[in-house]
Each structure stands twice: as C-alpha cells, then as structure tokens.
Amino acid sequence: MTDLLSSLNEYQKQAVTTDNSAVLVLAGAGSGKTRVLIHRIAWCCQQGVMPHQFLALTFTNKAAAEMKVRIENLLPGFASNIWIGTFHGIAYRLLKMHWKQANLSQNFQIIDTDDQTQLIKRLVKEAKLSDDTDAKSIQWQINHYKDEGLRADYIESGFQDDPNVLLIYKRYEQLCQRSGLVDFAELLLRSLELFRQNPDLVAHYQDRFQHILVDEFQDTNSIQYAWIKLITGNNLFIVGDDDQSIYSWRGAKIENLTTFQSDFPQHEIIRLEQNYRSTNTILSAANAVIKFNQQRLGKDLWCEGAEGDLITVFKAMNEKDEAIYTIKEIKKLCSHGVSNRDIAILYRSNALSRNFEELLVSNGIAYRIYGGLRFFERAEIKDVLAYLKLIHNSDDDSSYIRIVNKPTRGIGQKAQSVVHELANEQSISLWEASVKVCEQGLLKAKAKSSLVNFIQLINDFKAMTESDSFSNLTNSIIEKTGLQAMHEKEHSEKAIMRIENIKEFLVAVKQFDSEHQQTDAVVEDFLSKVSLDAGVNGETSEQDSVNLMTLHSAKGLEFSYVFICGLEQGLFPHINSIMDNQLEEERRLFYVGMTRAKEKLHLTHACSRQRFGGRPTLQKASQFIEEIPSQYVISEKSHQQHFARTQYYEQKPKYKSIKSASAFELGQRVLHKKFGEGIILDHEGEGDRARVQVHFDAEGSKWLAVAYAKLETL
DNA sequence: GAAGGGTGTCTTTTT
DNA sequence: GACACCCTTC
C-alpha cells in the first residue's frame with residue numbers, strides 16, 4: 001500500500017485516501033489529475049472494493065482508454081471489470097440493457113450530428129415553413145432543449161417559444177421514435193428518464209456502484225449532472241478545473257461545481273496546485289492572465305521547476321509573415337535536436353491551419369493535423385454504414401434516405417415523394433411505405449421495378465446476415481450495390497481516395513469480424529462502436545510530426561514547445577464570443593493553451609490578415625497578450641528580411657505580379673505625396689490593375705492603385 | 001438525373 | 001477562398 005502512495009504528493013495522497021463520500025478535486029493544469037483518479041480506484045480496490053462496484057465517467061474515448069490502460073498497469077486484471085466509459089457510452093450500455101423500460105426498440109441505432117441535420121432538413125422542408133427557417137438553427141435549439149432535459153411536449157405547455165421550432169422538434173421526436181433512432185443528446189436524456197421512471201433500477205445501480213468517479217467535471221451539462229446525482233448512492237469523487245471549462249457553448253455548466261457543493265453538504269474540496277508540467281515563467285504568466293476572470297473558485301498553480309525562457313510575443317506583418325516566423329523557429333528548434341512531436345501550433349479556428357500547412361510542406365517538415373473530418377464521418381464510409389444500418393434496422397429512415405438512390409438506380413424524386421407521402425399519411429417508416437407502394441401499384445412500371453429491385457437487394461443482404469460473415473456481407477454491399485463502381489467511374493483524385501478509404505474500412509471490418517461471431521450481433525456491435533467512437537482521422541502512422549490543432553482539441557495534451565497563433569482581437573478572443581459576453585470562456589481557452597507548454601511558449605499575431613478570401617483587414621493584437629505581465633514577455637517584431645522571397649515561403653504564382661507590384665515588397669516602407677510615409681501590407685492584381693495596401697503612419701490603411709499612386713520606396 | 005452556375009456562409013467539438 | 005446548397009438546363 002505504501003508503494004501505491006509513495007509516488008504522490010501530500011494533496012494527491014489526501015485525495016486518494018479520503019473517507020469522505022463526496023469529494024471535489026480541483027485539479028489545475030498539469031497537476032496530475034488522471035494520476036489521482038486511477039490511484040483512487042487502486043486504493044479503494046486495496047480496501048476491498050470490487051472492480052464491478054466502480055463507475056468511472058469521462059468525456060472522450062481517449063480519456064477512457066488511457067484510464068483503462070493505466071489502471072491495468074497498476075492492477076493487472078482489474079480494468080476489464082470496471083465500468084469505465086464516456087457518458088454517452090455508459091448511457092448506451094444502459095439503454096441496450098433496459099431497452100424495454102426505456103421505450104426503445106431492441107435494435108435502435110445512434111445517429112450522428114450530420115444524420116440529425118439531414119433529418120431535420122427533411123422535416124423542415126416537408127412542413128413547408130417560411131423560407132427564413134434555417135434547419136441548422138432549429139437543430140441547434142432542439143439539442144439545446146434536450147441538453148436541458150426539455151421535451152417538446154413540456155415546452156409546449158410551459159413556454160412561449162418559436163412555434164416552428166416546437167413543431168419540428170415534436171415531429172423530429174416522433175420520427176426518431178418511429179425509426180428507432182437516438183441522437184447523442186437523446187442517449188443522455190433517455191437514460192436519465194429511464195432512471196426517473198424506474199426507481200427500482202436506480203436502487204439497483206446505487207447499490208452496485210459504491211464508487212462513482214467523474215473526470216473533467218466542469219464539462220458536465222445539466223442532464224449529466226442530474227444523472228450523476230440520481231445514481232449516486234454512496235461515494236462520489238469528481239475531478240475538475242473551473243479554469244479549464246471551455247465547452248459552455250455546448251451546454252456545459254460550470255455552475256455544476258458549485259451546485260455539487262450545495263447538493264452534497266458533507267463534501268470535501270481538495271486543491272491540486274502543484275504543476276509538474278511547465279516552467280515557472282509560463283505558469284506565472286498563465287496565473288496572471290486567468291486572474292482577470294471574475295468567476296473563479298480560485299487556485300494558484302506553482303511549480304518547483306526552473307524559471308525557464310521568457311514568452312516570445314511575435315508581431316507579424318500579416319498571416320504569411322506569421323507562418324514564416326513560426327516555421328523558422330521550428331526549424332531552429334529542430335536543428336537543436338528537438339523532435340517534431342514535441343512541437344505544437346495551436347489556433348482558435350481551423351481555417352488558420354492553412355498558412356502553416358503550405359509552409360510545412362514546402363519545407364519538408366512532417367506534420368499532423370488533428371480534428372477535421374473523422375474517418376467514419378467520410379461520405380463514402382457513411383454510405384456503406386447506411387446500408388449496414390438499414391439491413392440491421394429497416395425502419396431507419398435516415399439511412400434509407402441516404403442510400404435509396406445511391407448509386408442512382410432510378411428511384412428519383414418523384415418516386416421518393418410518393419413513398420414519403422404514404423409514410424407520413426400512415427405514420428410508418430419509409431421502408432414499410434416502399435413495400436406498400438409496390439404492392440398497391442402507386443408507381444409507374446419503370447419506377448416500380450426499380451423500387452422492387454431495391455427492396456429485393458436489401459432483403460438479400462438481410463438473408464446474408466443469417467448465414468454469412470460480417471465481412472462477407474460488407475464486401476457484397478460494396479460490390480452488389482455498385483458503390484465501388486460508382487467511385488471507380490469517376491477518375492478524380494478524390495475518388496481514388498474514397499476507394500482507398502473503403503478498402504481501409506473493409507480492413508477494419510475484417511479485424512472486427514475475426515474477434516466476434518454471429519453476424520447480426522457483430523453488425524450491431526460494430527455500428528454502435530462506430531457511432532460512439534468515430535476514430536481519429538484515418539492515418540495511424542506514428543511519424544515524428546509537428547502537431548497542429550485548435551486550442552479546444554489541445555486540452556489534456558502537453559508539448560515542450562507551443563506556438564499559439566492568430567492572437568488578434570476578433571479572432572481570439574473570437575468576435576462572436578466578445579458579442580455574446582463570453583470573454584471569460586475565451587480567456588480560459590487561452591489559459592488552456594498557455595498551460596500546454598512545458599518549456600517555451602510563443603505567441604504570434606499579425607497586423608493584417610486576409611480572411612474569407614476577401615480583402616486583408618487590419619488586426620489589433622489580442623487583449624490577452626496585454627494581460628500577461630511584461631516581465632514574462634520578450635517582444636519581437638517582423639524584420640524586413642522575412643519578406644524577402646527566401647526558402648521559407650514560395651510565392652504562389654498570382655503574387656508574382658510581374659510589372660508594377662513586384663517593385664514593392666511586403667513590409668517595405670514607402671512615401672506617398674499626400675499621405676506621407678507608410679508600410680506595404682499586401683498587394684493584388686497585375687499590370688495596370690495592380691493595387692497595394694499601404695498602412696500610412698498618419699492616415700491609416702488604404703488600398704491604392706499602383707499606376708496612379710506614385711509611391712516611392714524608402 | 002447529372003452537370004453547371006449562382007448564392008450564401010464562414011468558431012470552437014465530442015459524443 | 002472553399003464549400004455546401006439551390007436552381008436551372010440539357
């Protein structure tokens with residue numbers, strides 16, 4: 001037992017061994033919170049608690065997987081019996097086990113955000129609402145309601161709200177129920193309702209789970225909190241950091257941290273403030289910044305480490321200059337023996353990755369972009385999945401719509417609308433309606449035979465699930481439906497990628513197949529796995545690459561060298577957040593970014609930036625830079641030589657305006673008769689139409705036609 | 001039913 | 001600038 005505790009500091013030890021039945025561990029960035037969680041489980045095990053008496057909840061599959069591995073290392077053989085999973089994963093598990101009490105069909109399916117959008121779009125269209133009704137915004141509102149635990153019926157009787165939203169919400173609920181579909185918010189809401197309506201179940205699980213542990217508690221939403229509160233019968237151990245709450249926009253309630261304190265009056269709070277990650281400089285700077293937030297539980301990180309380097313703030317002329325600087329610094333680091341994988345470029349929005357990508361490629365630096373489209377979200381994969389889903393559950397309207405005419409098989413708009421009408425009329429699924437439409441001869445001969453063939457195709461596949469393996473089934477789908485041929489016909493680069501993705505998908509299927517038996521059950525397991533764990537975006541190759549990602553996805557990670565770019569007012573903090581009064585959350589996001597760095601932090605911003613392909617606009621430095629006390633910062637400015645067309649940046653052809661504009665380099669100082677001295681920020685066009693953007697010291701920024709402006713170089 | 005043109009949008013993201 | 005979406009046209 002002493003072994004188990006010997007690697008912990010005093011506060012970690014206190015958290016791990018406490019007897020209190022309600023514990024809140026306020027764990028700062030890099031203070032070893034996962035360590036505390038797994039040691040807590042191990043310690044309780046040593047006190048005689050059985051593995052099945054734990055429930056450990058995380059937000060991401062990655063976090064759950066890491067916990068499993070680390071527990072397995074600490075207590076070989078125990079991890080497999082502990083319920084460790086994401087909230088959604090555990091909710092799914094419960095709903096599958098108690099599907100009847102949850103009022104679901106046994107073969108219900110999970111739909112992702114994209115499927116949900118498509119369904120709602122269809123409902124909006126069919127409801128023939130006024131044209132200013134935006135499906136995406138309705139979707140957002142529906143999910144928001146669900147996150148708060150509000151059903152359409154309840155809202156209808158209690159609230160004055162947009163009637164359109166309520167109408168669609170109601171129809172959407174009916175459609176999902178009829179089709180056996182459950183969206184992500186529904187997983188949580190349904191399982192909460194399952195408990196609320198079945199006190200015997202609650203009693204059972206309360207008794208079973210002697211210890212409930214929750215990671216990243218600051219990210220829980222209302223439903224998740226209510227759910228936790230309901231099934232906690234014995235010990236609740238939560239770990240969180242209010243300063244790292246960055247998901248309020250998707251329903252996370254930072255207040256849950258204080259609600260917990262009043263709901264569990266016997267609670268104990270333990271603060272982990274010793275940081276084992278960053279240098280003192282980085283920590284002090286981060287502490288100083290986060291102090292600008294009013295709403296905090298309060299916490300001050302410290303470390304025993306060295307002071308470390310100052311934080312470099314680089315002021316670039318424009319986004320290209322910013323990228324040039326960053327890549328140059330990365331090259332410098334690499335030449336000093338730093339590995340690519342220890343370096344990260346973080347940004348507020350995905351669009352900013354582009355400038356860096358180009359330069360990384362042209363400089364031959366391996367890089368990896370996190371985020372973006374996940375493997376199972378790719379259209380070609382979703383097509384195959386839709387066939388599998390429809391075979392597994394014919395009432396799945398979402399999948400039906402996706403593939404009924406893909407590849408095209410003569411079931412066009414006309415035929416589909418006949419099916420849809422009948423389905424709506426009789427409140428049956430599209431699949432059932434299709435069968436009826438054929439039987440009742442509601443279609444012309446040609447369309448009818450197409451539809452009959454489609455039904456036959458799916459029925460043949462259904463028969464296969466009885467006799468054949470899952471991978472054979474999937475193989476046939478790809479061949480017999482013509483999906484493969486559809487992509488092969490198109491010889492574009494994208495189509496080749498798609499075929500490769502499908503092949504990769506088949507490999508995954510085979511792998512899964514070999515680990516399981518009975519086809520029908522395998523399909524179900526596979527589909528749920530795919531929905532709940534969309535997988536990283538394809539490439540699993542463990543290359544030594546520089547990491548590019550948004551600040552959001554960087555949470556929970558650490559890197560020796562971190563570059564945070566685009567630190568400009570309107571970009572970070574983002575304009576929408578400024579307007580929505582969400583500045584504190586933006587500041588927390590910045591805090592998360594800063595505390596990712598172990599050795600050295602670089603912050604960059606550009607004076608001018610081209611966004612949305614439009615005109616470059618002048619950018620003001622982010623207020624967050626100002627908030628860092630100056631003793632931790634060293635400022636650098638762009639030097640003109642950065643703009644020389646060096647190896648660092650290969651000009652795109654369109655910037656090689658041959659005649660006029662080429663006389664001016666970006667960043668060059670010029671003189672104008674009327675406006676005085678200024679500096680060139682950007683240029684566009686060629687020949688007579690060439691224009692340059694000049695930022696005049698006295699007059700501000702202007703676009704001038706080179707042919708008329710008579711600029712002199714200085 | 002496919003292909004081409006015009007239009008509007010453009011935070012963050014896991015499940 | 002890029003992508004998704006809608007409409008028109010063949």
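What you see is a predicted model; the values in this text were computed from it and never measured. In what follows, chains are A, B, ... by sequence order, proteins preceding strands, each numbered from 1.
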Fill in: Whole angstrom value for the distance that separates P of B/dG1 from CD of A/Gln416
8 Å
Worksheet item: For A/Asp114 and C/dA4, what is the distance between atoms CG and P respectively, to the nearest whole Å?
Response: 10 Å
Worksheet item: B/dT12: syn or anti, with syn meaning chi within 90° of zero?
Response: anti
Practice prompt. For residues 563-572 of chain A, pull every pair meeting salt bridge (charged side-chain N to carboxylate O under 4.0 Å, His left out), keeping only residues two or more places apart or in separate chains.
Written response: A/Glu568-A/Arg609
Fill in: Exercise: do A/Asp396 and A/Gln109 side chains pair donor with acceptor under 3.5 Å
no
Worksheet item: Given A/Phe217, which of A/Ile228, A/Ile254, A/Asp241 fulfils the side-chain contact (heavy atoms from CB on, under 4.5 Å) condition?
Response: A/Ile228
Item to complete: Round to the nearest Å and state the distance from A/Asn405 atom CG to B/dA2 atom C1'.
Response: 12 Å
Practice prompt. Taking side-chain contact (heavy atoms from CB on, under 4.5 Å) as the test, write out the residues that go with A/Trp140, two or more places apart.
Written response: A/His144
Worksheet entry | Separation of atom CZ in A/Phe376 from atom P in B/dT15, rounded to whole Å | 13 Å
Worksheet, complete the sentence: Between CZ of A/Arg409 and P of B/dA2 the distance, given in whole Å, is 12 Å
Worksheet item: Do you know the tightest heavy-atom contact between A/Arg596 and A/Gly556?
Response: NH1-N, 3.2 Å
Discussion item. Just to verify, what does A/Asn350 make a side-chain contact (heavy atoms from CB on, under 4.5 Å) with, not counting sequence neighbours?
Written reply: A/Tyr347, A/Thr550
Fill in: Rounded distance (Å) that lies between atom C1' of B/dT15 and atom CZ of A/Phe184
5 Å
Pairs under 3.5 Å (N/O, protein and nucleotides 5-9 of chain C):
residue	atom	partner	partner atom	Å
C/dC5	OP1	A/Lys121	NZ	2.8

Pairwise N/O distances under 3.5 Å, protein to nucleotides 3-13 of chain B:
residue	atom	partner	partner atom	Å
B/dT11	O4'	A/His574	NE2	3.4
B/dT12	OP1	A/Asn350	N	2.7
B/dT12	OP1	A/Asn350	ND2	3.3
B/dT12	O4'	A/Arg348	NH2	3.3
B/dT12	O2	A/Trp249	NE1	3.4
B/dT12	O2	A/Arg348	NH2	2.4
B/dT13	OP1	A/Thr550	OG1	2.3
B/dT13	OP2	A/Asn350	ND2	3.2

Discussion item. Among residues at least two apart in sequence or on other chains, which ones pass side-chain contact (heavy atoms from CB on, under 4.5 Å) with A/Thr604?
Written reply: A/Phe314, A/Glu322, A/Tyr325, A/Thr326, A/Cys565
Worksheet item: Which whole-number value in Å describes the distance from A/Met486 CE to B/dG1 P?
Response: 14 Å
Discussion item. Any base atoms under 4.0 Å from A/Ile578, or only sugar-phosphate, or nothing? Heavy atoms, all strands.
Written reply: nothing
Fill in: Heavy-atom pair with the smallest gap, counting every atom of A/Asn318 and A/Ala606
C-CB, 3.5 Å
Practice prompt. Examine A/Lys146 relative to A/Tyr169 and say whether NZ or CZ is less than 6.0 Å from the centre of the six-membered ring and inside a 45° cone about the ring axis.
Written response: no
